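Excluded from the calculations below are hydrogen atoms, water molecules and symmetry mates; all remaining heavy atoms, backbone and side chain alike, are included. What you are looking at is a predicted structure, and each value in this text was computed from that prediction instead of being measured.
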Amino acid sequence: MATGDITHALVADGTPLVDDGHWNDGHVVDLAFAIYTRSAGNYSTSSTSFVDIDSTNLVFTITTGAHRVRLNQVVHVLSGATANQQIYFDVMIDGVRQGGATGLFGFRNANDTTQRRWGANFSWLTDVLTAGSHTFKFQYAVGSGTATLVTDGTNSIGQWSVEETLLTT
């Protein structure tokens, strides 16, 4: 897992918004982020309850200001050969799941009994968090059968990140 501060950013016209960790008006910028890329070994679950995708590498603790945080997931899912199989994704922040019974994001393979690979990518913006340390966990569950996140490095990789934004509303 990589962590650090955002040190450079540009607005759409190429004007520096942040350069060397300072706003273009001289104020210091200190936005937290963390990222993990997996390229060896797949993740699989048959759990119908939400569980951590990886309780070691996909648990991010960052210290933020009173800002929103963007969470990103980029990964392929290989469904089992179960018709109407469903897979759900959620995020836990400070021990509280953010989605409802089926998480923040999910899909099913309709009436297909052939294994398929889909992109299970999402980007989600939190509400404004209180300033301080926060822990983020990426989780998943299935409706039935087994689902595999393809992160073996040969067929696909997976990447997850949390990024503090400047948004305060």
- Query: So which residues get pulled into Phe50's cluster when ILVMFWY side chains under 4.5 Å apart are joined, directly or through others?
  - Reply: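 Under the 4.5 Å side-chain rule, Phe50 groups with Tyr88.
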- Message: Under 4.5 Å side-chain heavy-atom separation, chaining through any Ile, Leu, Val, Met, Phe, Trp or Tyr, what else clusters with Ile157? Say none if it is isolated.
- Response: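 Listed partners: none, Ile157 stands alone.
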- Message: Could you measure the distance from the CG atom of Leu58 to the OG atom of Ser161? Nearest 0.5 Å is fine.
- Response: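 If I round to the nearest 0.5 Å, the distance is 10.5 Å.
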- Message: Does anything in residues 96-106 form a salt bridge (Lys or Arg N to Asp or Glu O under 4.0 Å)? List the pairs, not counting sequence neighbours.
- Response: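 Listed by first then second residue: Asp90-Arg97.
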- Task: Determine which pairs satisfy salt bridge (Lys or Arg N to Asp or Glu O under 4.0 Å) with at least one residue from residues 58-75, sequence neighbours left out, and list them in order.
- Result: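 Every pair satisfying salt bridge (Lys or Arg N to Asp or Glu O under 4.0 Å) with a residue in residues 58-75: Arg70-Glu163.
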- What pairs with Thr63 under side chain to side chain contact (heavy atoms under 4.5 Å, CB included), at least two apart in sequence or on another chain?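 Thr63 satisfies side chain to side chain contact (heavy atoms under 4.5 Å, CB included) with Ser133 once adjacent residues are dropped.
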- Item | Residues in side chain to side chain contact (heavy atoms under 4.5 Å, CB included) contact with Asp94, at least two apart in sequence or another chain |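 Asp94: side chain to side chain contact (heavy atoms under 4.5 Å, CB included) contacts with His134, Thr135.
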- Item | Closest approach of Val59 to Lys137 (non-hydrogen atoms, all atoms of both residues) |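 Answer, listing the atom of Val59 first, then Lys137: CG2-CG, 3.8 Å.
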- Task: Taking all heavy atoms of Leu71 and all of Phe136, pick out the closest pair and write down the distance.
- Result: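 Heavy-atom minimum between the residues: CD2-CD2, 3.6 Å.
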For [X], give me all partners under side chain to side chain donor-acceptor pair (under 3.5 Å), at least two apart in sequence or on another chain.
X     : result
Thr37 : Gln159
Thr45 : none
Thr48 : none
Arg38 : Tyr43, Thr151

- Message: Given 3.5 Å as the limit, does a donor-acceptor pair link the side chain of Asp54 with the main chain of Thr56, or not?
- Response: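 Yes.
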- For Asp152, check salt bridge (charged side-chain N to carboxylate O under 4.0 Å, His left out) against everything at least two apart and list the hits.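 For Asp152 there are no salt bridge (charged side-chain N to carboxylate O under 4.0 Å, His left out) partners, ignoring immediate neighbours.
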- Query: Phe60 vs Phe138 aromatic rings, parallel, tilted or perpendicular, using cut-offs 30° and 60°?
  - Reply: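 Rings of Phe60 and Phe138: perpendicular, as their planes differ by over 60°.
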Determine all donor-acceptor pairs shorter than 3.5 Å in which one atom belongs to a side chain in residues 124-132; sequence neighbours excluded.
{"unit_1": "Thr126", "atom_1": "OG1", "unit_2": "Val69", "atom_2": "N", "d": "2.8"}
{"unit_1": "Thr126", "atom_1": "OG1", "unit_2": "Val69", "atom_2": "O", "d": "3.4"}

